[in-house]
Amino acid sequence: MMKEIIADTLYVQLEEKLDKSQIEQLIEIPPDEQMGDFAFPCFSLARIYKKNPAEIAGQLSETLKLPDLFEKVIPVSGYLNFFLNKRILAKQVLGVCQSDTYGSKNLKKNIVVEFASPNTNKPLHLGHLRNISIGESISRLFSFCGNKVNRTSINNDRGVHICKSMLAYDLLSEGKTPENTGKKSDHFVGDYYVLFSKKASEDESWNEKAQEMLRKWETADEHTVRLWKTMNKWALEGFAQTYRLFGIGFDKEYFESDIYKSGKEIVNEGLEKKVFYKRDDGAVVVNLEHQKLGNKVLLRPDGTSVYIVQDLYLAVLKDREFNYDKSIYVVGNEQEYHFAVLIAIFKLLGYPVANKMKHLSYGMVELPEGKMKSREGTVVDADDLIEETKRLASEELKQRYELSENDLEERSLKIALSAIKYQLLKIDISKNMLFDPKKAISFEGDTGPYLLYSYARASSILRKTESKKDAVFSDLNIHETRLVRKISFFPDTITSAFERLSPSVIANYAFDLAQIFNEFYHACKVIGSDSEGFRIELVKGFRSVLKKCLWLLGIEEIEEM
RNA sequence: GCCCCUGUAGCUCAGUUGGAUAGAGCAACUGCCUUCUAAGCAGUGGGCCACAGGUUCGAAUCCUGUCAGGGGUACCA
């Protein structure tokens, strides 16, 4: 926005030697605020004009016609440093930043975001929470940018791993149910998955029995199907509770059991088009050597299909149902090969979905003691984590305030969720992250509760003033200036987060913003000060922008801590 | 073996896609609550940006190699 204005003025002055977007890309923000608000490095012009950068900067600073928004421009060692007129900036920024559309876009695309996608043999864990947090945040980001968003999940509800918990339950449950044991239903199912793993490690025949059960399931054996339905229901009901607790939901949930046989038409089409081939033993294979992806089997010699075939089908099905412009898959980085193959196959087939699909890959969550393994029970369970964090939040609250039972309940949950979500989103999604349950759920410093606290402080000020004083835009002090400047960066932050599909960009911005606000809060009295009118507008602006950030992170704000 | 990702303060992470003196939070130490919420603010210490070359006006950022860690390379899902 501001960069555009600078680019425009420079463009004229530079006799069109560089085009506007080039200029805009070169413009940066100086490392120190005393050096100016924006800077244009003249080094790349040195070659064009055959002069040294300092000289160019010097000349430009003299001839440049500055728009009102800028106070002055100073050449410093090859840079052209621009200083904003803070009074005009404040007036402009505070005039727009409280609007619902501040920072938003109007892209009008139709987007499908697939996330969560659990297996129905065990409860959700920390890895799912990272997935869900990312999926929800990205969905909101798309939505904020003016797109229609459809949230989907594919429940992996069949296969030998599902039969494992079924088998253990079938043989060892002694009539227990979630109801008569009082256990949350997905945890109940998960217990039998762990039990199976224990049994199988002692006795190899359990694995064979699981395979046998899968065969029975596939031939629709009555007992097996009834067992499967019962346990899946338990698992899915449990997930639904966790989703609700976490504040998310889906427009459409798919089930592997509905689609796992589909997709053969696509395979046949590939055979007809000769992009797939039939191996001697009858298996259908696609050669992707040209993309360094090797040979991928699609149909086994017995004619049954491999997992990827149903994903081919699902991509096409979703396209038919949603007519999407873009389909985002929030799936861990261990499946990068899978999605590379998926997209490569669509390219070979000449399907347009090839260009509309995007695997949004994210890194794994590791614990101090290493990788999580659900079979070994070394996972951080999602419900347990939320409960435990909530308990800690509740203790903190009780230490500080007198609250009713209801308020305590509501606030401790919101604070806990803010802590968890922020922790999971502030780290660049492409990176593996370490999650130390003891340290990670802290409420101080760079955390979700810090953001909520800052928000509550701003709300508190606004609650306590009835002032109708007009905002007078006089000279700003350093804290006011910093806050205005940071607020003015919100639209650029959104653009950057959107381009990179990166919630962490928003999280980091929100923290900086809150930090600057807290410094302002500490240094500048609002109510009763000479510039009360202006400062109230500033607090309102801050609160409005922080609220948007929180929303984009899937975090609910609270008016009081 | 081959392919991909990562390596920045004691720990967890930023670093505006090649720019000026590399930044936060935590932890450690020191101050600040008769003042809009101290889950806060201010300050001190802490760095061979894994290592070695290269590209250029300029590199934590790009290229090559080495080392270390993780993932993938299933007729599992």
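Just so it is clear: chains get the letters A, B, ... in the order the sequence lines come, proteins before strands, and each one is counted from 1.
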Sequence-aligned protein contact record of nucleotides 18-32 of chain B, with B where the base is within under 4.0 Å of a protein heavy atom and S where only the sugar-phosphate is: -BB---SSS------
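Applying the ring-ring contact (aromatic ring centres under 6.0 Å, His included) rule to A/Tyr313 yields no partners; only residues at least two apart in sequence or on another chain are considered. Every ring-ring contact (aromatic ring centres under 6.0 Å, His included) that A/Phe542 has, sequence neighbours left out, goes to A/Phe517.
To the nearest angstrom, P of B/rA39 lies 17 Å from CG of A/Leu546. Atom NZ of A/Lys292 and atom C1' of B/rC2 are 10 Å apart (whole Å). As a whole-Å value, the separation of A/Glu24 CD from B/rU17 C1' is 15 Å. The CG-P distance, from A/Leu293 to B/rC4, rounds to 11 Å in whole Å. Atom CD1 in A/Ile461 sits roughly 7 Å away from atom P in B/rU37 (whole-Å rounding). For the pair A/Glu336 CD and B/rU73 C1', the computed distance is 13 Å after rounding to whole Å. Rounding to whole angstrom units, CD of residue A/Glu218 and P of B/rC76 are separated by 11 Å. Rounded to an integer number of Å, the gap from OH of A/Tyr337 to P of B/rC76 is 14 Å.
Within 4.0 Å (heavy atoms only), A/Gln335 reaches at least one base atom of the nucleic acid. Across all strands, A/Cys524 comes closer than 4.0 Å to base atoms (heavy-atom distances). Using a 4.0 Å heavy-atom cutoff across all strands shown, A/Ala456 reaches at least one base atom of the nucleic acid. A/Pro53 comes within 4.0 angstrom of no nucleic acid atom, judged by non-hydrogen atoms across all strands. Residue A/Arg47 is classed as a base contact, given a heavy-atom separation below 4.0 Å to a base. At a threshold of 4.0 angstrom between heavy atoms, the contacts of A/Tyr307 include nucleobase atoms, whether or not backbone atoms are also involved. Among the atoms of the strands shown, only primed sugar atoms or phosphate atoms (P, OP1, OP2) are found under 4.0 Å from some heavy atom of A/Ile427. Within the 4.0 angstrom heavy-atom criterion, base atoms lie near A/Leu397. At a threshold of 4.0 angstrom between heavy atoms, the contacts of A/Leu452 with the nucleic acid are absent. Here A/Lys525 lies in heavy-atom contact (under 4.0 Å) with a base.
Side-chain N/O atoms of A/Arg300 include none lying less than 4.0 angstrom from OP1 or OP2 on B/rA74. Within the structure, a side-chain polar atom (N or O) of A/Arg400 is placed less than 4.0 Å from OP1 or OP2 of B/rA39. Between B/rA14 and A/Lys431, a contact under 4.0 Å exists linking OP1 or OP2 to a side-chain N or O. One finds a side-chain N or O of A/Tyr450 lying less than 4.0 angstrom from the OP1 or OP2 phosphate oxygen of B/rC41. OP1 or OP2 of B/rA39 lies within a sub-4.0 Å distance of a side-chain N or O belonging to A/Tyr453. Between A/Arg500 and B/rG15 there is a side-chain polar atom (N or O) within less than 4.0 angstrom of OP1 or OP2.
A salt bridge is defined here as a Lys NZ or Arg NE, NH1 or NH2 lying under 4.0 Å from an Asp or Glu carboxylate O, and A/Arg543 with A/Glu559 meets this definition. Using a 4.0 Å cut-off between charged nitrogen and carboxylate oxygen, A/Glu556 and A/Lys414 count as a salt-bridge pair. Of the charged side-chain nitrogens involved, at least one lies within less than 4.0 Å of a carboxylate oxygen, so that A/Lys540 and A/Glu537 count as a salt-bridged pair. Checked for salt-bridge contact, A/Glu388 and A/Arg391 meet the test: a charged N lies under 4.0 Å from a carboxylate O. A/Glu4 has no carboxylate O lying under 4.0 Å from a charged side-chain N of A/Lys20, or vice versa, which leaves the two without a salt bridge.
Nucleotides B/rG69 and B/rC33 have their C1' atoms positioned 47 Å apart, rounded to a whole Å. B/rG47 and B/rA60: their C1' atoms are spaced 12 Å apart (whole Å). B/rA20 sits 26 Å from B/rC26 when the P atoms are compared, rounded to a whole Å. For the C1' atom pair drawn from B/rU6 and B/rA50, the interatomic distance equals 11 Å after rounding to whole Å. Rounded to a whole angstrom, the distance from the P atom of B/rC49 to that of B/rU61 is 10 Å. With P as the reference atom, B/rA52 and B/rA9 are 16 Å apart, rounded to whole Å. A distance of about 37 Å separates the C1' atoms of B/rU73 and B/rG10, rounded to the whole Å. Nucleotides B/rG25 and B/rG43 have their P atoms positioned 10 Å apart, rounded to a whole Å.
Between A/Asn508 and A/Pro301, it is A/Asn508 whose nearest contact on RNA chain B lies nearer the 5' terminus. Each of A/Pro449 and A/Ala283 lies near RNA chain B, and the nucleotide nearest A/Pro449 is the one positioned closer to the 5' end.
B/rC13 shows a glycosidic angle more than 90° from 0 and is accordingly assigned anti. Taking syn as a glycosidic angle within 90° of 0, B/rU17 qualifies as syn.
Base pairing of B/rA38 is not made with any nucleotide, judged by Watson-Crick or G-U wobble geometry with both donor-acceptor distances under 3.5 Å. Nucleotide B/rA68 forms a pair with B/rU6, judged by Watson-Crick or G-U wobble geometry with both contacts under 3.5 Å. Nucleotide B/rG53 has B/rC63 as its partner under the Watson-Crick or G-U criteria, with both atom distances under 3.5 Å. Using N1 to N3 plus N6-O4 or O6-N4 for Watson-Crick, or N1-O2 and O6-N3 for G-U wobble, each under 3.5 Å, B/rG45 pairs with nothing.
Sequence neighbours left out, the pairs with a member in residues 32-45 of chain A that pass side-chain hydrogen bond (donor to acceptor under 3.5 Å, both in side chains) are A/Glu33-A/Arg482, A/Asp37-A/Lys86, A/Asp37-A/Arg485. Here side-chain hydrogen bond (donor to acceptor under 3.5 Å, both in side chains) pairs that include residues 491-501 of chain A, with residues two or more places apart or in two chains, are A/Lys105-A/Thr495.
A donor-acceptor contact under 3.5 angstrom links the side-chain atoms of A/Tyr401 to the base of B/rU37.
Between A/Tyr450 and A/Phe511, the gap from one ring centroid to the other is short of 6.0 Å. For A/Phe255 and A/Trp228, the gap between ring centers reaches or exceeds 6.0 Å.
Closest to the side chain of A/His161, from the set B/rC36, B/rA77, B/rG71, is B/rA77. Taking only side-chain atoms of A/Met561, from C-beta outward, the nucleotide of B/rU37, B/rA77, B/rG71 with the closest atom is B/rU37. Distances from the side chain of A/Asn432 to the nucleotides B/rC36, B/rA39, B/rG70 place B/rG70 closest.
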Side chains of residues 332-342 of chain A: which donor-acceptor partners sit under 3.5 Å, not counting sequence neighbours?
unit_1: A/Glu336; atom_1: OE2; unit_2: A/Ser361; atom_2: OG; d: 2.6
unit_1: A/Tyr337; atom_1: OH; unit_2: A/Leu293; atom_2: O; d: 2.8
unit_1: A/His338; atom_1: NE2; unit_2: A/Asp311; atom_2: OD2; d: 2.7

